[in-house]
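Order of the sequence lines sets the chain letters (A, B, ...), proteins ahead of strands, with each chain counted from 1.
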Amino acid sequence: MSRRRALRRRALAGGAGGLVAGAATAVLASAESARLGLGCWTPAKSVAAAVLGLPALVGDGATVSIGLALHLAVSVVCGVGLGLGLPRRSGPAGAAVAGLLWGTALWALGWTVVLPALDPVLLERVRLVPWRWFVAHLVFGAVAGTTAGGLGRLYALPPRRAARRPPAERIRRRVGISGA
Amino acid sequence: MSHTVRLGGVVLLLLVASLFAPTQAPTATEPVSLSPEAAAFLRELVAFHAGAVRLGGLAEGRGSMPDVRDLATLARRDHDFALRRLTALADAAGVRVDEALRPSGVADALEPLAGVAFDRAWLARISEREGDLLRRVTAWRSTVPDGPLRALLDEQAPIVRQHLELVHHVGRELETAGGTP
């Protein structure tokens with residue numbers, strides 16, 4: 001497989017992992033926000049505030065959709081980064097650990113650089129629940145890592161037909177006749 | 001198959017861990033020491049937030065403009081969250097706040113109003129109260145040393161500022177719409 005093709009496949013696997021992990025963290029954040037009495041859609045509205053500003057907090061269903069779409073888009077980008085950085089022969093546990101490290105790095109970058117610059121409304125909101133914000137990033141990393149790792153290995157498998165031996169050789173092996 | 005099982009295991013473990021992750025609010029099991037001035041200010045804050053929860057609840061049902069009702073819901077939830085944290089801190093510090101939690105007449109003047117008149121009066125009341133809270137919290141923060149109360153004030157001040165900006169935004173929307181809900 002050419003290097004460019006391999007990179008493309010790893011990016012694709014990472015993007016898919018990011019999408020799955022983004023969906024998982026969106027559900028987790030909404031459920032947790034509702035449990036804390038802060039409203040199920042407040043996390044999505046706070047994300048939408050990056051585009052719409054503070055009025056997003058009193059927005060309607062369209063605002064929630066924008067927030068969710070933005071969250072998933074950022075998740076895919078972060079997943080692609082993880083997919084490209086995953087070690088080639090990492091097993092599920094290795095991919096999960098790499099994902100956890102990636103999630104921690106994303107959390108640190110988001111907390112110190114991205115949110116202050118792009119979404120201060122969300123930053124002020126997550127300061128109310130800092131541990132949960134951190135755990136959400138760990139969940140993102142673990143899910144994205146294991147999904148991207150699994151898909152990456154799946155893509156790396158040779159095509160099924162090529163993997164199968166020719167029928168004649170299989171018969172010879174079954175009856176114990178040497179091919180030579 | 002084993003990959004799926006491991007993935008499920010990791011996700012489940014992290015989901016369970018997230019449910020047990022602590023918030024920054026102190027719990028009643030962690031004793032906290034507060035000065036008499038800090039305890040008095042804590043009671044004031046509890047009374048304020050309890051009143052704000054009542055005001056928010058009133059506008060959620062009576063507001064005529066959707067933005068007013070949405071803002072009321074947001075404010076009610078945020079103030080209720082702050083109230084729970086403050087009462088947890090009061091419990092941990094052994095400060096009694098029963099009196100501060102009793103219903104006050106904070107919403108009495110709004111009771112007879114309805115429609116756009118209610119929206120305007122409610123926005124004016126909220127603007128006045130949130131502005132007052134922000135001024136008092138800012139003044140108080142500059143005089144108290146680091147501690148659990150100051151940590152809570154540091155968290156809540158930006159949220160109150162958000163409410164205040166949203167009140168002005170919704171007020172402008174109301175005037176632009178010519179008072180039509």
Task: Contact class of B:L74 relative to chain A, heavy atoms under 4.5 angstrom - done: side chain
TODO: Following the transitive rule for hydrophobic clusters with a side-chain heavy-atom cut-off under 4.5 Å over Ile, Leu, Val, Met, Phe, Trp and Tyr, establish whether A:W131 and A:W111 coincide in one cluster.
DONE: yes
TODO: Identify whether A:L12 and A:W102 are in the same connected component of the hydrophobic contact network (ILVMFWY, side-chain heavy atoms under 4.5 Å).
DONE: no
TODO: Pick one of side chain, backbone, both or neither for B:H163, based on which atoms fall under 4.5 Å of a heavy atom in chain A.
DONE: side chain
Open item on the list: If hydrophobic clusters are built by linking Ile, Leu, Val, Met, Phe, Trp and Tyr wherever their side-chain heavy atoms come under 4.5 Å apart, do B:V160 and B:L164 end up in the same one?
Closed with: yes
Open item on the list: For B:Q156, is there any backbone N or O sitting under 3.5 Å from a side-chain donor or acceptor partner on A:R127?
Closed with: no
- [ ] Please answer whether the main-chain N or O of A:L36 pairs with a side-chain N or O of B:R84 as donor and acceptor at a distance below 3.5 Å.
- [x] yes
TODO: Among the options B:R77, B:R69, B:H169, B:R161, pick out the one with the most heavy-atom pairs lying under 4.5 Å from chain A.
DONE: B:R77
Open item on the list: According to a hydrophobic-cluster definition based on side-chain heavy atoms being under 4.5 Å apart (Ile, Leu, Val, Met, Phe, Trp, Tyr only), do B:L110 and B:L123 belong together?
Closed with: yes
Task: Minimum heavy-atom distance A:L128-B:R85, with the two atoms named - done: O-NH2, 2.6 Å
Task: Exercise: identify the closest heavy-atom pair between A:V58 and B:D70 - done: O-OD2, 3.3 Å
Open item on the list: Quick check on the hydrophobic clustering: are A:V139 and A:L82 connected, directly or via other members, by side-chain heavy-atom contacts under 4.5 Å?
Closed with: no
Open item on the list: Among B:Q162, B:E165, B:R76, which residue has the highest count of heavy-atom pairs closer than 4.5 Å to chain A?
Closed with: B:Q162
Open item on the list: Quick check: closest heavy atoms across A:L54 and B:L166, and the distance to 0.1 Å?
Closed with: O-CD2, 3.6 Å
- [ ] Return the option, out of B:I159, B:L71, B:D67, B:V170, with the maximum number of heavy-atom pairs under 4.5 Å with chain A.
- [x] B:I159
